[in-house]
Structures are given as C-alpha cells and as structure tokens.
Amino acid sequence: MRRIIPLLLISLALATGCTRPPYAKPGTELSAVEDDYTDCYSNASLAVNTPPFPDRPLTQVDRDADACMKERGYTSKIRFF
C-alpha cells in the first residue's frame with residue numbers, strides 16, 4: 001500500500017508535464033506556445049481529414065503540426081514542469 005502513493009504521485013507529475021506542448025521558443029509565454037500549437041494542430045487535422053485521406057492520419061497530423069511549429073520558430077523540447 002505504501003508503494004502505491006509514490007507511484008501515483010510520479011504518474012500524476014508525468015501526466016501533468018505531458019499536457020503541455022512539446023515545443024519551446026526563448027522569450028515566449030506558455031500561453032502563446034499553447035495557442036500556436038493549437039492553431040498548427042487544428043490546421044493539420046483539417047488537412048488530414050479532407051480527401052484524399054492519407055494512409056496513416058495520426059502520423060501525418062503529427063508531422064504537419066511539427067513542421068508548422070518549426071516554421072514559427074519553435075524547437076522540440078520535452079517539458080515536464
């Protein structure tokens with residue numbers, strides 16, 4: 001029983017960090033990063049869900065969103081906190 005509490009806390013900490021966009025840009029607020037990511041991901045989803053449909057839609061959405069964020073000057077980064 002004592003092991004469950006630390007495992008839950010670690011899982012919660014990781015889950016909280018995984019909800020943030022995996023991109024960074026020096027001098028940019030988190031809210032701006034989230035807005036840009038939402039915009040890029042929405043546009044990528046719209047493009048993938050318009051015919052002709054790709055074979056692997058989720059992979060294509062991730063690639064398109066990543067390309068969009070890089071065009072806006074962001075770099076890939078894992079953010080835990």
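We use all heavy atoms of the structure for the numbers below, so side chains are in, but hydrogens, waters and symmetry mates are not.
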Disulfide bond (SG atoms under 2.5 Å apart): which pairs involve residues 25-59, sequence neighbours left out? Cys40-Cys68

Mind jotting down which residue pairs meet the side chain to side chain donor-acceptor pair (under 3.5 Å) criterion with at least one end in residues 64-74? Sequence neighbours excluded, please.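 For residues 64-74: Tyr23-Asp66, Asp36-Arg72, Asp36-Tyr74, Asp39-Arg72, Gln60-Asp64, Asp66-Lys70.
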
List the atom pairs, with distances to 0.1 Å, where a side-chain N or O of residues 44-54 and a protein N or O form a donor-acceptor pair under 3.5 Å, not counting sequence neighbours.
from  : atom 1 : to    : atom 2 : distance (Å)
Ser45 : OG     : Tyr41 : O      : 3.0
Asn49 : ND2    : Ser45 : O      : 2.9
Thr50 : OG1    : Leu46 : O      : 2.7

Residues two or more places apart in sequence or in another chain: which of them pass side chain to side chain contact (heavy atoms under 4.5 Å, CB included) with Ser42? Thr38

